[in-house]
Structure formats: structure tokens, C-alpha cells
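Quick notes on the structure that follows.
Keep in mind it's a predicted model, so treat the numbers as computed, not measured. As a basis for the values below, the full set of heavy atoms in this structure was taken, side chains included, without hydrogen atoms, waters or symmetry mates.
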Amino acid sequence: MFDSLLDSEATVLAALVKRGEISARELTQAALERMSQREPLIHAFCTPTPERALQQAEAVDRKRARGEAVGALAGVPLAVKDLICTAGIRTTSGSRAYANFVPEQDDICVERLLAADAVLLGKTTAPEFGYSAVGHNPLFPSPRNPWDLSKTPGGSSAGSGAALAAGLCPIALGSDGGGSVRIPAAHCGVYGFKASMGRVPLWPGCRDERYPGVSSWESLEHIGPMTRTVRDSALMMSIMAGPDMRDRHSIPCADIDWLAALEKPLSGLRIAFSVDFGHIAVDPEVRDVVTRSARRFARELGAELEEVHPDIIDESNTFAALVALESDLTGMRQMEATLGSGMSPHLRAMLQHEWRAEMFTDANTARKKICNQLWRFMQRYDLLLTPTLAVPPFALNMQGPEMIEGRMVRSDHWLSFCYPFNFSGQPAASVPAGFTAGGLPIGLQIVGRHLDDGLVLAASAAFERIQPWNSFSPVCFGASHA
């Protein structure tokens with residue numbers, strides 16, 4: 001009888017639990033029952049934790065029964081990407097090397113969400129160590145896109161995106177080192193927010209030197225909320241954000257009231273829009289949907305929209321070198337020697353590459369150049385709008401299309417709009433912009449100036465009001481996108 005409630009916002013569900021109109025256990029049981037029906041179709045969860053979820057829900061109910069205050073996420077079902085550490089719960093990072101690894105401590109973001117009385121449904125599938133923008137790995141079935149089960153949900157937060165689109169939970173955690181929150185958000189028709197570098201502290205992920213593969217991407221990685229509404233992401237940010245001594249890159253957040261930011265007036269904004277950066281091959285349907293959405297957004301806001309390209313060239317080699325630089329090559333090469341073909345082929349290729357010091361220093365210099373280009377560009381604009389991805393969802397078990405808009409491209413070309421903003425650490429979000437003729441989601445990326453996280457959230461909320469998306473759900477669950 002509570003199944004339909006699962007399609008509500010987290011803010012609504014938490015309020016119902018706080019008022020006693022539904023118990024956290026009832027809500028959790030409804031989520032687990034829906035998982036039992038839908039999860040076999042999409043393979044979002046690699047490690048479900050139903051018993052622990054019920055225990056956490058019962059603890060919330062006992063707290064409320066005693067008259068104690070319950071947290072901002074009271075009883076709200078949560079999914080956590082399998083690259084993010086969870087105390088006492090298997091965290092494999094999609095690798096055979098960590099198939100039975102059980103962390104002793106939660107990552108900081110998990111620690112904070114659970115302290116706010118969220119209920120953890122389990123861990124969601126990701127590619128091996130997150131070194132891919134899709135979801136397949138050596139341990140688990142590939143997550144499937146609920147909008148079309150033959151398609152990828154994107155990655156690396158693949159299972160989190162699929163779980164949200166399938167209605168298994170209202171909130172999920174992803175990580176984003178080159179787009180991995182925004183990519184599945186775009187492909188799954190949900191909202192994904194990457195705050196400025198350091199807003200959400202990371203530890204032990206990226207920071208614990210004891211775990212090769214896990215301790216990677218330190219200057220690129222962000223933890224971000226993935227939700228079905230912008231308000232739920234703002235709520236998660238209000239809980240997760242703020243410095244922690246375990247992450248030397250973490251920064252204060254006193255400049256932002258995350259929920260109040262959603263109401264910020266936006267008329268008179270100067271908005272830049274680029275559909276292809278002047279050089280990216282973009283699927284024609286993506287071009288059309290994103291262009292129409294960007295123009296409508298600016299028109300209805302009363303904002304000034306200028307179609308202009310930031311001066312960013314293709315820096316995929318820079319991205320690859322920075323990833324390798326921040327990997328424990330010694331530890332991971334020892335791991336590869338043990339696992340052999342049990343490790344993902346693209347990851348083995350990275351480890352077998354003969355990296356030179358100059359490749360790393362050149363990449364670091366190129367990153368500085370891009371960061372300087374971006375801050376200079378953003379001096380003239382409040383926001384930058386782009387497609388989130390160059391293509392709609394594509395077939396499972398491939399890294400990416402090699403033909404876009406009649407051009408032969410690298411298999412990672414479709415990601416070209418995402419990773420520059422990991423170089424710069426700027427806030428960026430993906431909002432659902434519309435659908436292809438075949439009913440596949442397309443995302444619009446909203447990028448803000450350095451540390452202007454509140455404006456990106458406000459713009460996301462305004463777009464959601466202008467062009468709502470949360471009433472749409474995948475046809476395989478009995479609803480329609482139209």
C-alpha cells in the first residue's frame with residue numbers, strides 16, 4: 001500500500017516519517033519489495049543490504065517513539081555507489097582484488113547521511129575502480145538503463161543512476177572524477193550535481209594509501225548527490241558539505257544555504273551556450289533537444305543567452321595522463337600481475353602504458369591552461385550551458401560509440417563536455433532536457449563559476465520549474481515519457 005510513496009521526494013518522505021504518518025520500517029519494506037520486482041531487470045545493486053536497512057529503519061522509529069528528534073533524512077531509502085566506503089558492508093570497487101573487502105569506516109559522506117537517519121538499501125554497481133564511463137566490471141552483471149534495457153545507464157555511477165530511474169530510491173550517492181555523476185544522470189533522466197572541488201570531503205576514498213586503485217584521482221574526484229529532484233540534491237548537500245580534517249582539499253560552506261539557494265532570483269543572468277565547443281561531434285537529436293531547452297530556459301527566465309564557444313580544445317590525453325599520475329601504478333601493476341585477464345582490459349592497457357615523467361608534467365601544465373581559459377571565459381558569464389553528453393544512451397558492454405554525426409571518433413569522445421570541469425573543479429549539474437524520438441533521455445549541463453554552487457542549484461531548480469521531468473518514468477515500469 002506504500003509503493004506509490006516511493007515516487008515522492010525525499011523531503012516529503014522524511015516529513016511523513018517525522019509526523020508519524022508512515023514508519024521508517026514501512027517505507028523501507030516498500031522499497032525492498034519494489035527492489036525484489038524491478039532489480040532483476042536492471043542489476044543496479046551489487047550488494048543489497050535488506051537486513052541492515054530494516055535495522056536502520058527500526059532504529060529511526062524507536063528514536064521517534066522516544067520523542068527524540070530524527071534527522072533530515074528520516075527513513076529515506078538511499079543507494080551508495082560501490083566505490084564509496086561503507087563500514088561493515090562489502091565495498092568491491094568493481095574489482096576482483098577487492099571482492100571480499102569490508103571497510104572498517106564509512107566514507108565521510110556516508111557517515112553524515114546515515115547520521116541524518118537515511119536508510120541504506122545497499123551498494124550500486126560501478127566499473128572497476130571507476131576507470132570507465134559505463135557500468136560493466138569483472139564481478140557483476142552490467143547495470144541496465146531502465147528506459148531501454150538494452151542500453152547503458154552510463155557510469156561510472158551506473159547502478160546509482162539506474163536505481164533512481166527505476167524508482168528504487170529517491171536519493172543516491174555517486175562520485176565524479178570525469179563526469180561520473182553527470183553521465184548517468186543524463187542517460188537515466190535524473191538529476192546529478194557536482195559541487196565545487198572540496199565542498200564534499202572525501203575519505204578514505206582517494207586518500208587512503210593502503211588501497212591501490214581505490215586511492216586514485218585525488219585532484220579530480222568529487223562526491224555528488226544523484227536524485228529525482230533538485231531539492232533533494234540540495235538537501236543532501238546541506239548534510240554532506242563542509243570541511244573535514246581527513247581531507248586536506250575540503251573547504252568551508254558557510255557561504256551557501258543549500259536549500260534557500262533554490263529560490264534565488266535569476267532574471268538578468270548572462271548565460272553562455274555552446275552545443276559543441278566548436279569541435280565536438282554531437283548526435284543530431286542531442287543538438288536539437290539541448291538547443292531548444294537552453295533557448296527556452298533563457299527566454300522564460302528573462303536571461304541573456306549568447307551562443308559562444310569557450311576556447312577549449314580536445315584534452316582527452318591530458319585527462320588520461322592525470323588519471324595515471326594520480327593512480328598507484330606500482331600497487332595496481334602488482335595487482336594486475338596477480339589478476340591478469342581478471343582485470344578490465346582498458347584498465348590493464350592503462351597500467352601497461354609506458355608513462356614518462358614529461359607526459360605527467362605536460363598534462364599538469366595543460367590542466368593549468370584549461371583552468372585559466374575557463375575562469376577568463378566565465379568572467380563574462382554567470383552560467384555556461386552545454387549538452388551533458390554528445391550522444392544518447394547506447395548499447396551495453398561498449399565503452400562508447402566510434403561514429404558520431406558521421407565522424408569517426410575515439411570511444412571516449414562522447415564525454416568531452418564533462419571532464420574539463422573536473423580539471424577546474426567548477427560546480428556543474430546535469431538536468432533532464434528531453435528525450436530522443438525513441439524515448440531515451442538527454443541531459444543539459446549547467447556549469448557555474450568557481451564556488452558559485454548556489455547559482456547552479458538555483459538555475460537547476462528554475463529549469464525544473466520551467467520544464468518539469470519528475471512525472472516521467474520508464475515505459476518498462478508501466479509509464480510513459482511522453
Side-chain angles (χ1 to χ4, degrees), residues 45-47 49 79-113 120 122-140 155-160 172-181 194 197-198 200-224 240 244 246-250 319-320 322-339 342-344 346-351 422:
F45 285 86
C46 55
T47 305
T49 55
V80 173
K81 183 179 183 178
D82 198 32
L83 303 187
I84 299 171
C85 287
T86 43
I89 299 172
R90 182 177 66 158
T91 301
T92 74
S93 296
S95 176
R96 294 184 188 276
Y98 290 89
N100 299 305
F101 175 57
V102 178
E104 298 174 353
Q105 294 175 283
D106 287 320
D107 206 295
I108 296 166
C109 54
V110 175
E111 179 182 289
R112 292 177 176 180
L113 292 172
L120 178 58
K123 306 301 290 292
T124 56
T125 303
E128 191 164 13
F129 300 124
Y131 284 68
S132 173
V134 290
H136 45 275
N137 70 49
L139 287 178
F140 306 109
S156 63
S157 307
S160 289
L173 270 180
S175 59
D176 189 315
S180 292
V181 161
K194 178 189 82 69
M197 180 74 182
V200 179
L202 281 78
W203 192 90
C206 296
R207 309 284 189 257
D208 196 326
E209 80 288 350
R210 294 175 296 172
Y211 303 115
V214 179
S215 58
S216 302
W217 305 58
E218 187 177 27
S219 72
L220 298 167
E221 187 75 295
H222 303 63
I223 295 287
M240 297 189 296
D244 189 285
R246 292 169 285 184
D247 180 355
R248 71 182 188 277
H249 294 301
S250 61
F319 179 68
L322 289 173
V323 168
L325 170 64
E326 298 194 345
S327 299
D328 179 354
L329 292 178
T330 299
M332 293 179 73
R333 282 167 172 165
Q334 292 171 351
M335 190 186 302
E336 187 214 355
T338 300
L339 294 178
M343 180 178 275
S344 300
H346 63 275
L347 190 51
R348 295 183 71 195
M350 186 274 286
L351 295 172
N422 293 84

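Minimum heavy-atom separation, S160 to T124: OG-OG1, 2.8 Å. Minimum interatomic distance between D176 and V181 (heavy atoms only, all atoms of both residues): OD2-N, 3.2 Å.
Remark: side-chain polar atoms of K194 are not paired, donor with acceptor, to backbone N or O of G178 under 3.5 angstrom. D82 places no side-chain N or O within 3.5 Å of a backbone atom of A126 that could act as its donor or acceptor partner. Side-chain atoms of S157 come within 3.5 Å of backbone N or O of S180 as a donor-acceptor pair. No donor-acceptor pair closer than 3.5 Å links the side chain of D328 to the backbone N or O of P212. Side-chain atoms of S344 do not come within 3.5 Å of backbone N or O of H346 as any donor-acceptor pair. A side-chain donor-acceptor contact under 3.5 Å links E326 to the backbone of S219. The closest donor-acceptor contact from the side chain of S250 to the backbone of D244 lies under 3.5 Å. At least one donor-acceptor pair closer than 3.5 Å links the side chain of R333 to the backbone N or O of L351.
Within the 4.5 Å cutoff, the side chain of I89 has no heavy atoms near those of the V80 side chain. Between M343 and R96 the shortest side-chain heavy-atom distance does not fall below 4.5 Å. Using a 4.5 Å heavy-atom threshold, the side chains of L173 and C109 count as touching. Side-chain contact between V214 and Y98: present, with at least one pair of heavy atoms (C-beta onward) separated by less than 4.5 Å.
Ring-plane geometry between F101 and Y211 is classed as tilted, the angle between the planes lying from 30 to 60 degrees on a 0 to 90 degree scale.
In this model, a donor atom of one side chain and an acceptor atom of the other lie less than 3.5 Å apart for T86 and T91. A donor-acceptor contact under 3.5 angstrom links the side chains of S156 and K81, judged on distance only.
The pair R207-E221 does not count as a salt bridge, with every side-chain nitrogen at least 4.0 angstrom from each carboxylate oxygen.
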Exercise. Walk me through it: do Q105 and E111 pass the test side chain to side chain contact (heavy atoms under 4.5 Å, CB included)?
Key: CA-CA 8 Å; Q105 294 175 283; E111 179 182 289; over 6 Å; no

Exercise. May I have the step-by-step check of side chain to side chain contact (heavy atoms under 4.5 Å, CB included) for M350 and L329, ending in yes or no?
Key: CA-CA 9 Å; M350 186 274 286; L329 292 178; 4.0 Å; yes

Quiz item: Please walk me through it: do E128 and R348 pass salt bridge (charged side-chain N to carboxylate O under 4.0 Å, His left out)?
Solution: CA-CA 11 Å; E128 191 164 13; R348 295 183 71 195; over 6 Å; no

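The only member of P201, S175, C206 that meets side-chain contact (heavy atoms from CB on, under 4.5 Å) when paired with I223 is S175.
In this structure, the separation between CG on L347 and CG on N137 is 11.5 Å, given to the nearest 0.5 Å.
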